[in-house]
Amino acid sequence: MLNDLRRSLLLYAISDGNLPAIEAALRGGITMLQLRAKGLSDEALLGLARSVKVIADRHHMPLIINDRADIAVQVDAAGAHLGLSDGDLRAARALLGPGKILGATARTIDQALAAQAAGADYLGCGAVFGTLTKSDALPMPLALLREICASVSIPVVAIGGIDRTNIASLKGCGMAGFAVSSGIFGAKDIESAARELKEAARHVL
């Protein structure tokens, strides 16, 4: 499973649930999709997750639900991702079961090791360049990203402000891929942005 997961993490797109934008990103070649839709009621999030799952399934794309392992189970998503304040990883692992993907955010080596021990399958680490989507996400020194990647046996994705202008500077850090939101969905041509980023990502790893 880890080899398949590592390949899927190459270009991991994080979407707020805009369906046409997701379709464009999928055409551009993203390799994994996360639904991160904040501020919705449980009913609205469940409905949106079901709609996104239909599109993801059509493209044979793993779908990860941010924050909500319970929603991931209800829509039979590939898994869930928990941030540092989004709940207990062990409880999420128990809810998801062994066959689903559990991702976790880590900004320190201690957090990375704790998440791995709690059952996480991959880590999201950053923000490597700051980010427009999280006001409290301070830039992570690339030396720390390298140390986190070296400290765990599970794959790590770099996240935070990544686009085609800066992705090359991450070469040699040891991550398995790149999680991108604005660098894809903030582009005028989402399909082209995804395609260009995927090609760039291959050269970096």
Side-chain angles (χ1 to χ4, degrees), residues 1-2 4-18 22 25-26 30-40 42 45-46 48-50 52-53 55-57 61-108 111-128 131-134 136-137 140 145 148-149 152-162 175-185:
M1 175 180 151
L2 270 183
D4 289 341
L5 174 58
R6 190 174 291 274
R7 284 191 291 270
S8 294
L9 292 172
L10 175 66
L11 184 56
Y12 183 1
I14 301 175
S15 168
D16 64 2
N18 181 303
I22 288 171
L26 287 162
I30 63 170
T31 56
M32 185 175 276
L33 175 66
Q34 181 184 128
L35 174 62
R36 182 179 182 271
K38 299 287 190 178
L40 298 182
D42 287 0
L45 179 58
L46 180 59
L48 179 59
R50 284 177 172 149
V52 174
K53 178 70 160 48
I55 296 172
D57 285 352
M61 179 65 47
L63 172 64
I64 304 297
I65 307 297
N66 183 264
D67 295 355
R68 299 291 297 272
D70 58 332
I71 297 291
V73 170
Q74 289 181 71
V75 302
D76 193 27
H81 182 98
L82 267 61
L84 291 171
S85 59
D86 293 330
D88 181 78
L89 284 170
R90 294 184 191 278
R93 168 51 72 203
L95 184 61
L96 288 170
K100 298 291 187 179
I101 299 166
L102 178 59
T105 298
R107 295 179 185 152
T108 68
Q111 289 170 355
L113 292 171
Q116 178 175 262
D121 295 304
Y122 75 87
L123 301 175
C125 294
V128 290
T131 175
L132 296 175
T133 58
K134 287 191 176 184
D136 62 341
M140 173 183 283
L145 175 62
I148 290 174
C149 290
V152 294
S153 58
I154 57 177
V156 173
V157 290
I159 185 170
I162 298 168
M175 65 267 131
F178 310 91
V180 182
S181 180
S182 298
I184 293 174
F185 295 110

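The heavy-atom pair separating Ala49 from Leu35 by the smallest distance is CA-CD2, 3.7 Å. Annotation for Ala92 and Leu102: closest pair CB-CD1, 4.0 Å, computed over non-hydrogen atoms. The minimum heavy-atom distance linking Ala37 with Leu48 is given by the pair CB-CD2, 3.9 Å. Nearest heavy-atom pair, Ala72 versus Leu96, reported as atom, atom and distance to 0.1 Å: CB-CD2, 4.1 Å. Looking at every heavy atom in both residues, Leu5 comes nearest to Pro155 through CD2-CG, 4.3 Å.
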Going through the checks in order, is the side chain to side chain contact (heavy atoms under 4.5 Å, CB included) test met by Leu145 and Val156? CA-CA 9 Å; Leu145 175 62; Val156 173; 4.2 Å; yes
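Within the model, atoms CG of Leu46 and CG of Leu40 stand 11.0 Å from one another, a figure rounded to the nearest 0.5 Å. The CD1 atom of Ile71 lies 8.0 Å from the CD1 atom of Ile65; values are rounded to the nearest 0.5 Å. To the nearest 0.5 Å, the span separating CZ on Arg107 from CG on Leu84 amounts to 5.5 Å. With rounding to the nearest 0.5 Å, the separation of CD1 in Ile64 from CG in Leu82 is 11.5 Å. Atom CG of residue Leu63 and atom OG of residue Ser15 lie 9.5 Å apart, to the nearest 0.5 angstrom. Here the CZ atom belonging to Phe185 is positioned 8.0 Å from the CG atom belonging to Asn18, to the nearest 0.5 angstrom.
Using a 4.0 Å cut-off between charged nitrogen and carboxylate oxygen, Asp76 and Arg50 do not count as a salt-bridge pair.
Lys100 places no side-chain N or O within donor-acceptor distance of the main-chain N or O of Ala80, the cut-off being under 3.5 Å. Between the side chain of Arg6 and the backbone N or O of Gly177 there is no donor-acceptor pair closer than 3.5 Å. The backbone N or O of Ser153 lies less than 3.5 Å from a partner atom in the side chain of Gln116, making a donor-acceptor pair.
Two residues are said to be in side-chain contact when any heavy atoms from C-beta on lie closer than 4.5 Å; Asn66 and Ile14 fail this criterion. Looking at heavy atoms from C-beta onward, Leu9 lies in side-chain contact with Met32 at the 4.5 angstrom threshold. Cys125 is not listed as a side-chain neighbour of Met175, based on a closest heavy-atom distance of 4.5 Å or more.
Between His81 and Tyr122, the two ring planes are tilted [angle within 30° to 60°].
A search for ring pair (Phe, Tyr, Trp, His ring centres under 6.0 Å) contacts involving Phe178 returns nothing, not counting sequence neighbours. Evaluation of the side chain to side chain donor-acceptor pair (under 3.5 Å) rule for Asp70 yields Arg68 as partners, not counting sequence neighbours.
When each of Thr105, Ile154, Ile159 is checked for a side-chain contact (heavy atoms from CB on, under 4.5 Å) with Leu123, only Ile154 meets the rule. The side-chain contact (heavy atoms from CB on, under 4.5 Å) test with Ile162 singles out one residue from Val157, Val128, Ile184, and that residue is Val128.
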